[in-house]
Amino acid sequence: RARVAAAAAAAIVLAVLLLVLTVPKLLESDLRGELDDTLRRRAAEVARLNATVPEQLTGVGAIEGGGLLVQVNDRRGRIVARSSALGGRVLPIDQRVLRDRQPRLHDGRLGTDPVRLYTAPLGELGAGEAAGGAVVVGSELAAVERTVDRARVLIAVCALLAGLIAAALA
């Protein structure tokens with residue numbers, strides 16, 4: 001009986017430990033995927049604004065919204081517009097995007113905080129200050145990390161409880 005109980009508990013703990021390892025990774029991947037889509041959409045909105053009414057791009061509140069960090073740089077990399085969510089901070093501009101005109105999605109740092117960044121080139125047509133420049137849209141990763149950590153703890157607690165219940169029932 002003791003061996004059967006131990007085997008059942010071990011099997012359940014092993015199965016749930018596999019969940020502890022895989023579910024947080026899948027959750028993090030999904031959350032990052034949704035965040036990446038949000039960053040891309042916001043960059044597209046800024047690019048549309050730059051293409052249609054470039055003079056409004058540098059107006060107060062033009063690139064606000066959604067709690068995202070947004071910064072618009074001209075073709076030389078100088079900042080021409082930024083969201084108030086940035087405060088006194090500056091998003092790093094990937095010079096390759098200005099040079100190669102290809103968007104780039106990557107992790108970076110804003111001070112000591114980890115952020116997800118999407119940098120996209122802006123159209124070169126038009127008379128706006130940002131023509132030929134780039135938009136950088138970012139989001140802090142603290143919420144994603146917090147959610148994944150909570151899921152990991154919850155699954156670990158469930159694994160322990162499942163093992164104890166299985167041992168008792170076996």
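Along the sequence shown, residues are numbered consecutively beginning with 1. It should be emphasised that the depicted structure is a prediction, and the values quoted were computed from it without experimental measurement.
Hydrophobic cluster membership is shared by Val80 and Val137, with clusters built from Ile, Leu, Val, Met, Phe, Trp and Tyr side chains linked at under 4.5 angstrom. Cluster annotation: Val136 is connected to Val115 through the hydrophobic network of ILVMFWY side chains, with a link wherever side-chain heavy atoms come within less than 4.5 Å.
Here the shortest heavy-atom pairing between Val97 and Ala134 reads CG1-CB, 4.3 Å. Closest approach of Ile155 to Pro24, counting heavy atoms only: CD1-CD, 4.2 Å. Of all non-hydrogen atoms in Gly123 and Arg101, the two that sit nearest each other are N-NH2, 4.4 Å.
For the salt bridge (charged side-chain N to carboxylate O under 4.0 Å, His left out) test, residues two or more places apart in sequence or in another chain that qualify with Glu140 are Arg89. A search for salt bridge (charged side-chain N to carboxylate O under 4.0 Å, His left out) contacts involving Asp74 returns Arg78, not counting sequence neighbours. Arg116 pairs by the salt bridge (charged side-chain N to carboxylate O under 4.0 Å, His left out) definition with Asp36, Asp107, not counting sequence neighbours. Here Arg150 pairs with nothing under the salt bridge (charged side-chain N to carboxylate O under 4.0 Å, His left out) rule; sequence neighbours left out.
Side-chain contact between Gln102 and Pro121 is absent, with no heavy-atom pair separated by less than 4.5 Å.
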Quiz: residues 63-72 side-chain donor-acceptor pairs under 3.5 angstrom, not counting sequence neighbours:
{"residue": "Glu64", "atom": "OE1", "partner": "Ser84", "partner atom": "N", "Å": "3.2"}
{"residue": "Glu64", "atom": "OE1", "partner": "Ser84", "partner atom": "OG", "Å": "2.9"}
{"residue": "Glu64", "atom": "OE2", "partner": "Ser84", "partner atom": "N", "Å": "2.7"}
{"residue": "Glu64", "atom": "OE2", "partner": "Ser84", "partner atom": "OG", "Å": "3.4"}
{"residue": "Gln71", "atom": "OE1", "partner": "Leu91", "partner atom": "N", "Å": "2.9"}
{"residue": "Gln71", "atom": "NE2", "partner": "Asn73", "partner atom": "OD1", "Å": "3.2"}
{"residue": "Gln71", "atom": "NE2", "partner": "Leu91", "partner atom": "O", "Å": "3.0"}

When the side chains of residues 45-52 are checked against the rest of the protein, which donor-acceptor pairs come out under 3.5 Å, sequence neighbours left out?
{"residue": "Glu45", "atom": "OE1", "partner": "Arg42", "partner atom": "NH1", "Å": "2.7"}
{"residue": "Thr52", "atom": "OG1", "partner": "Arg48", "partner atom": "O", "Å": "2.8"}

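Between the side chains of Arg41 and Thr38, at least one donor-acceptor pair of N or O atoms lies under 3.5 Å.
To the nearest 0.5 Å, atoms CG (Leu39) and CZ (Arg32) are separated by 10.5 Å. With rounding to the nearest 0.5 angstrom, the CG atom of Leu35 is 6.5 Å from the CG atom of Leu141. Separation of atoms CD (Glu28) and CZ (Arg152) is listed at 7.5 Å; rounding is to 0.5 Å. How far CG of Leu122 is from CZ of Arg75: 10.5 Å, rounded to the nearest 0.5 Å.
With hydrogens and angles disregarded, a donor-acceptor distance shorter than 3.5 Å links the side chain of Asp94 to the backbone of Arg96. For Ser29 (side chain) and Lys25 (main-chain N/O), no donor-acceptor pair under 3.5 Å exists by modelled atom type.
By the 4.0 Å N-to-carboxylate-O rule, Asp149 lies too far from Arg146 to be salt-bridged with it.
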